[in-house]
Amino acid sequence: MGRMNNDLLKLIKANAKYQGNEDLCEDFLAESLRRSVAITENIDDITFITPYLKKVVNTSILTVLKNAGRIRRVRRDYVSVPQSVSLEELSEGGDVKNNFSLDNLPDPRADFSEIVANRQLLTQVCNAVSMANASAPEKGYYDIFVKRYVDMKKQAEIAEELSISQSEVCKRLYELVKIIKNDVIGY
């Protein structure tokens with residue numbers, strides 16, 4: 001079991017999310033062991049299960065970071081949340097000991113060209129959805145698109161509201177994505 005701990009520790013330290021969160025190393029290891037205890041008790045050679053353990057380690061690190069309040073869930077992916085600056089870190093002059101500076105933070109406002117490009121892309125997507133809806137109004141592409149991507153509803157909720165099956169909602173969303181890819185991207 002000691003070798004397994006060392007191997008898990010190597011996988012933890014190789015993970016990109018470990019950087020900056022070294023203080024939680026023991027928690028990462030404990031969570032990884034908890035998640036992999038059944039398989040680690042029966043396997044002597046780690047080389048065959050390394051891909052599995054990498055996924056276990058990644059999931060364990062995300063769980064620990066989320067429980068520690070260092071990451072938060074957003075639309076599709078996890079993002080890091082910077083640690084807050086404590087009062088002890090501030091010196092008399094107001095400087096932060098860890099060289100924190102507002103000058104190093106990127107400007108959150110979007111570039112004008114990016115706004116224009118996004119608006120043009122959104123217009124093309126809306127036109128593609130409108131044309132798809134006009135060519136097959138019985139499919140209700142427009143309603144499904146708005147409910148899914150504007151109202152952020154789940155497929156099950158959409159299915160219930162439109163009185164169709166969830167698999168039918170999934171199928172129509174897939175068809176709509178293909179139409180948009182063809183009309184907007186061209187493939």
Side-chain angles (χ1 to χ4, degrees), residues 11-12 14-21 28 31-32 35-36 48-84 100-187:
L11 291 172
I12 290 168
N15 190 296
K17 293 170 197 73
Y18 176 76
Q19 304 302 320
N21 296 300
F28 296 151
E31 183 68 17
S32 297
R35 289 178 178 268
S36 62
F48 297 113
I49 61 166
T50 299
Y52 168 76
L53 289 178
K54 283 183 181 179
K55 289 183 180 187
V56 168
V57 164
N58 191 50
T59 303
S60 299
I61 288 174
L62 287 173
T63 301
V64 170
L65 289 175
K66 186 175 180 187
N67 291 341
R70 294 193 186 174
I71 58 172
R72 57 188 153 83
R73 182 87 169 131
V74 294
R75 290 183 200 164
R76 292 190 182 144
D77 206 355
Y78 283 95
V79 294
S80 295
V81 177
Q83 293 178 338
S84 61
F100 177 80
S101 170
L102 291 177
D103 297 330
N104 297 336
L105 295 176
D107 187 359
R109 294 172 294 192
D111 180 272
F112 177 74
S113 60
E114 185 179 328
I115 293 171
V116 171
N118 288 341
R119 173 168 252 146
Q120 289 173 345
L121 181 62
L122 184 58
T123 301
Q124 290 175 333
V125 169
C126 289
N127 289 340
V129 171
S130 294
M131 288 179 13
N133 196 58
S135 66
E138 71 281 356
K139 299 238 178 176
Y141 286 131
Y142 179 80
D143 288 338
I144 291 174
F145 180 82
V146 169
K147 289 178 188 308
R148 179 68 183 111
Y149 298 109
V150 177
D151 298 338
M152 303 300 286
K153 293 186 178 183
K154 296 181 180 185
Q155 290 181 7
E157 295 172 321
I158 297 169
E160 186 176 321
E161 287 179 21
L162 298 178
S163 301
I164 58 176
S165 68
Q166 183 176 347
S167 62
E168 185 63 28
V169 171
C170 181
K171 178 181 164 188
R172 291 181 190 180
L173 283 170
Y174 181 74
E175 291 169 356
L176 195 53
V177 167
K178 283 175 51 177
I179 292 168
I180 292 170
K181 281 174 80 174
N182 188 36
D183 290 355
V184 175
I185 301 170
Y187 69 88

S.K.: What residue among Val64, Thr63, Thr59, Val57 forms side-chain contact (heavy atoms from CB on, under 4.5 Å) with Ile61?
M.R.: Val57
S.K.: Quick check: closest heavy atoms across Ile12 and Ser32, and the distance to 0.1 Å?
M.R.: CD1-OG, 4.0 Å
S.K.: Sorted by first residue and then second, give each salt bridge (Lys or Arg N to Asp or Glu O under 4.0 Å) pair with at least one member in residues 137-146; sequence neighbours left out.
M.R.: Lys139-Glu175
S.K.: A quick test of your reading: do over 12 heavy atoms of other residues, nucleotides or ligands sit less than 6.0 Å from OH of Tyr18?
M.R.: yes
S.K.: Return the CG to CG distance between Asn21 and Leu65, rounded to the nearest 0.5 Å.
M.R.: 4.5 Å
S.K.: Please list, chain by chain and in numerical order, all residues satisfying ring pair (Phe, Tyr, Trp, His ring centres under 6.0 Å) with Phe145, sequence neighbours excluded.
M.R.: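 With sequence neighbours excluded, Phe145 shows a ring pair (Phe, Tyr, Trp, His ring centres under 6.0 Å) to Tyr149, given in chain and number order.
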S.K.: Between side-chain atoms of residues 123-131 and protein atoms elsewhere (two or more places apart, or another chain), which donor-acceptor pairs fall under 3.5 Å?
M.R.:
{"from": "Thr123", "atom 1": "OG1", "to": "Arg119", "atom 2": "O", "distance (Å)": "2.8"}
{"from": "Asn127", "atom 1": "ND2", "to": "Thr123", "atom 2": "O", "distance (Å)": "3.3"}
{"from": "Ser130", "atom 1": "OG", "to": "Cys126", "atom 2": "O", "distance (Å)": "3.0"}

S.K.: For the atom pair CD1 (Ile158) and CZ (Arg148), what is the distance rounded to the nearest 0.5 Å?
M.R.: 6.0 Å
S.K.: Using the side-chain contact (heavy atoms from CB on, under 4.5 Å) criterion, which residues pair with Ile179? Sequence neighbours excluded.
M.R.: Ala132, Tyr141, Asp183
S.K.: Kindly write out the residues that satisfy side-chain contact (heavy atoms from CB on, under 4.5 Å) with Lys54, not counting sequence neighbours, or none if the list is empty.
M.R.: Leu11, Thr50
S.K.: What pairs of residues pass the side-chain hydrogen bond (donor to acceptor under 3.5 Å, both in side chains) test when at least one of them lies in residues 158-171, not counting sequence neighbours?
M.R.: Lys147-Glu161, Lys153-Glu161, Ser165-Ser167, Glu168-Arg172
S.K.: Apply side chain to side chain contact (heavy atoms under 4.5 Å, CB included) to the pair Asn15 and Phe28, showing each step before the final yes or no.
M.R.: CA-CA 11 Å; Asn15 190 296; Phe28 296 151; over 6 Å; no
